[in-house]
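What follows is a single structure, written as structure tokens, with notes after it.
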Number of protein chains: 2
Amino acid sequence: MITDTQNTALAQRLTHSGLRSTPQREVVYQVVLGKRDHPTAEEVFDRVKSAMPTISLATVYNCLDALVQCGLIKQVNSVREPSRYCPNLHEHAHFHDEATGEIHDVDIPADLIARLHNLLPKGYDAVSIDLSFRGSVRALHALTDQQN
Amino acid sequence: MITDTQNTALAQRLTHSGLRSTPQREVVYQVVLGKRDHPTAEEVFDRVKSAMPTISLATVYNCLDALVQCGLIKQVNSVREPSRYCPNLHEHAHFHDEATGEIHDVDIPADLIARLHNLLPKGYDAVSIDLSFRGSVRALHALTDQQN
DNA sequence: ACTTGAACTTGGAACGATTCTAAGTCTCTT
DNA sequence: AAGAGACTTAGAATCGTTCCAAGTTCAAGT
Ligand SMILES: [Mn+2]
Ligand SMILES: [Mn+2]
Ligand SMILES: [Zn+2]
Ligand SMILES: [Zn+2]
């Protein structure tokens, strides 16, 4: 479940973006990849500290920024809450469960993405789309989470 | 362009939500309605001060919250930027122009809203959808802004 | 008309996520 | 081996927003 191919992929992406591969960036990347939730920078910080106790929160922010910049993770933001980070690179939407605070990934078919782009009037050039839902997840009798 | 019918509508909405109609709430509402941009709380504060110089920023935040709560305006949030407020009650998306910082409304046809809801797996119950684009608007030769 | 409690407003303090700063370390290049 | 950047670090600073305590207004009941 680990790291060598992932780390070479990371190194390539970073150098391709003019950035360096560092131990801190590697471990932050591993942590975000390691769990299918959407951790905040603080949560990433906590998880990283077991592997690298001397890392600083500022570095975690820097690393997350670097990973977002070179397209390896995505930043997810909601109303007045800390940013969260997502390793799912497929085009997808986010469902914010107001009861639990959890964020679930929701797939978006490619044709729908195209249709969304077509909403834009002439001259509008979108580089990114953000689709998010807010609500609650009804517990389905004897059925496990379909996402995640 | 003004206020009497709007203010009765406001008063009705507020009382219906168990809130009171106050001079501060009225003027904040008028200010948000008065311009088709998407002002921050600070910008609303600045505009309100000419009509009511003694109002406080805390009250502006409180009034905006009250108006959002009873559904008269919407709160729009982007990555690590101050919240903005929108008087457009139609279901619509937002286009964030990265060059100018402006936010433009984009209509969403009703059937598309339905299709977005259908993306959700069984058990997911969304109370709100948020669709936003980020990009730039190419100036169209001798053509004015199609929105707004 | 008075009383009374709740809702509301206000200025300033507090908060918290994020960014900045200054100093030290590491790495690539020559 | 040296120099220039890139990077990390701890702590300070930032800033949009929320909280607090005190005073004011309002609605409802008497
Ligand atoms: Mn965070
Ligand atoms: Mn604001
Ligand atoms: Zn995600
Ligand atoms: Zn809008």
Side-chain angles (χ1 to χ4, degrees), chain A residues 7 10-29 31-32 38-49 51-70 73-85 101 103, chain B residues 7 10-29 31-32 38-49 51-70 72-73 75-85 101 103:
Chain A
N7 280 347
L10 169 63
Q12 283 176 358
R13 281 285 195 119
L14 285 170
T15 41
H16 181 271
S17 297
L19 301 169
R20 286 185 189 165
S21 181
T22 69
Q24 289 84 356
R25 284 170 181 173
E26 281 175 16
V27 64
V28 166
Y29 185 49
V31 159
V32 177
H38 293 78
T40 64
E42 205 83 37
E43 286 165 346
V44 171
F45 184 43
D46 289 342
R47 295 179 197 173
V48 161
K49 274 192 287 195
M52 184 180 278
T54 61
I55 199 172
S56 75
L57 178 57
T59 299
V60 170
Y61 274 102
N62 290 340
C63 292
L64 289 169
D65 280 355
L67 295 174
V68 169
Q69 248 179 268
C70 65
I73 64 177
K74 292 182 182 173
Q75 186 168 357
V76 182
N77 55 286
S78 32
V79 189
R80 280 299 109 197
E81 273 167 36
S83 291
R84 295 176 171 274
Y85 297 88
I103 297 182
Chain B
N7 280 347
L10 169 63
Q12 284 176 356
R13 282 287 195 120
L14 285 171
T15 41
H16 181 273
S17 297
L19 301 168
R20 287 183 189 164
S21 181
T22 69
Q24 288 84 357
R25 284 172 182 172
E26 282 175 16
V27 64
V28 166
Y29 185 49
V31 160
V32 176
H38 293 78
T40 64
E42 206 83 40
E43 286 164 347
V44 172
F45 183 45
D46 289 342
R47 296 179 196 172
V48 162
K49 274 191 288 194
M52 183 180 281
T54 61
I55 198 171
S56 76
L57 178 58
T59 298
V60 170
Y61 274 104
N62 290 340
C63 293
L64 289 170
D65 279 355
L67 296 173
V68 169
Q69 249 179 267
C70 64
L72 284 166
I73 64 175
Q75 185 168 0
V76 182
N77 55 286
S78 31
V79 191
R80 282 300 109 197
E81 273 168 34
S83 291
R84 295 175 171 274
Y85 297 88
I103 296 182

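Only heavy atoms go into these numbers, but all of them, side chains included; no hydrogens, no water, no symmetry mates. By convention in this document, chain letters (A, B, ...) are assigned in the order of the sequence lines, proteins followed by strands, and residues within each chain are numbered from 1.
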How far does OG1 of B/Thr54 sit from CE of B/Met52, to the nearest 0.5 angstrom? 6.5 Å

Integer-rounded Å distance: D/dT17 P and B/Phe45 CZ: 14 Å

Taking protein heavy atoms under 4.0 Å as touching, what does nucleotides 8-15 of chain C look like 5' to 3' if B marks base contact, S marks sugar-phosphate-only contact and - marks none? SSBB----

Please state how far atom OH in A/Tyr61 lies from atom C1' in D/dA13, giving the value in whole angstrom units. 15 Å

What's the CG-C1' distance between B/Leu14 and C/dA7, to the nearest Å? 12 Å

Sorted by chain and residue number, the salt bridge (Lys or Arg N to Asp or Glu O under 4.0 Å) partners of B/Glu43 (sequence neighbours excluded) come out as B/Arg84

Any residue meeting salt bridge (Lys or Arg N to Asp or Glu O under 4.0 Å) with A/Asp46, in chain and number order, not counting sequence neighbours: A/Lys49

Euclidean distance, atom CD of residue A/Glu43 to atom P of C/dG16 [Å, nearest integer]: 15 Å

Nearest 0.5 Å, please: how far is NE2 in B/His38 from OH in B/Tyr85? 13.0 Å

Without decimals, in angstroms, what is the distance between A/Gln69 CD and C/dT19 P? 12 Å

Nearest 0.5 Å, please: how far is CG in B/Asn62 from CZ in B/Arg25? 7.5 Å

d(A/Cys70 SG, A/Arg13 CZ) to nearest 0.5 Å is 6.5 Å

Please report the distance, rounded to the nearest Å, between CD in A/Glu81 and P in D/dT18. 11 Å

Rounded to the Å, how far apart are A/Arg80 CZ and D/dT18 P? 7 Å

